[in-house]
Amino acid sequence: IEKEMSSPIFDVIHAATAIHRLARWQGTLNEQVQHRYKLLIEELVAKALVLVDDVTPPTTVATMIWATAKLWAKVPATQQLMPLLVDAAQWMATSFKEQEMANIVWSAAHLRHEAPQLSSVIPAVMQPLICQVE
């Protein structure tokens, strides 16, 4: 992935996919693996911080929020993403699909003590669903 990250075509979708894959395989991230890839993961997070912007798709933001929640304890470097992702989720709150809403709500519940700022987006994220029910 080092080579890919330096490519001009490496975008936010690629970064989110890499972080998502880390989260899916987080059970295999023992201390030795974490130590070996620490700098690469930090570079990936730094790249993601630059790539998330106002045209980032809602699916990507929701995926990154979920992955960050999954990796919170094992890969602390990903914690840097949360403030940016919370801001992005706040301004695109009405654009999330139901599964994305569920992932954000799960992430907020999972990180209720570690990242309480994520809970602040739940009312805005859930508003479209509430309107459908009413």
### Query
Any chain of hydrophobic side-chain contacts (each under 4.5 Å) joining Phe96 to Ile13?
yes
### Task
Sequence neighbours left out, what pairs pass ring pair (Phe, Tyr, Trp, His ring centres under 6.0 Å) with at least one residue falling in residues 110-129?
Trp106-His110
### Message
Nearest 0.5 Å, please: how far is CD1 in Ile65 from OG1 in Thr78?
### Response
12.5 Å
### Task
Output all residues satisfying side chain to side chain contact (heavy atoms under 4.5 Å, CB included) with Lys74, sequence neighbours left out; order by chain, then residue number.
Gln26, Leu29, Gln34
### salt bridge (charged side-chain N to carboxylate O under 4.0 Å, His left out) pairs, two or more places apart, involving residues 39-59
Lys38-Glu42
### Message
Once side-chain hydrogen bond (donor to acceptor under 3.5 Å, both in side chains) is applied, what residue pairs with a partner in residues 81-105 remain, sequence neighbours excluded?
### Response
Thr59-Glu100, Gln99-Asn103
### Message
Show the nearest heavy-atom pair for residues Val52 and Ala88, with the distance to one decimal.
### Response
CG1-CB, 4.5 Å
### Query
Do Ser7 and His14 have side-chain heavy atoms sitting under 4.5 Å apart?
no
#### Entry: Contacts of Leu111 that satisfy side chain to side chain contact (heavy atoms under 4.5 Å, CB included) - sequence neighbours left out
Ala69, Trp72, Met82, Glu114, Ala115
### Interatomic spacing from CD1 in Ile104 to CD1 in Ile122 - rounded to 0.5 Å
7.0 Å
### Query
Under the side chain to side chain contact (heavy atoms under 4.5 Å, CB included) test, which residues partner Ala15, sequence neighbours left out?
Phe10, Leu44, Ala48, Leu51
### Message
How close do Thr56 and Val12 get, counting heavy atoms only, and between which atoms?
### Response
CG2-CG2, 4.0 Å
### Summary
Between Ala77 and Ile41, the two heavy atoms sitting closest are CB-CG2, 4.5 Å
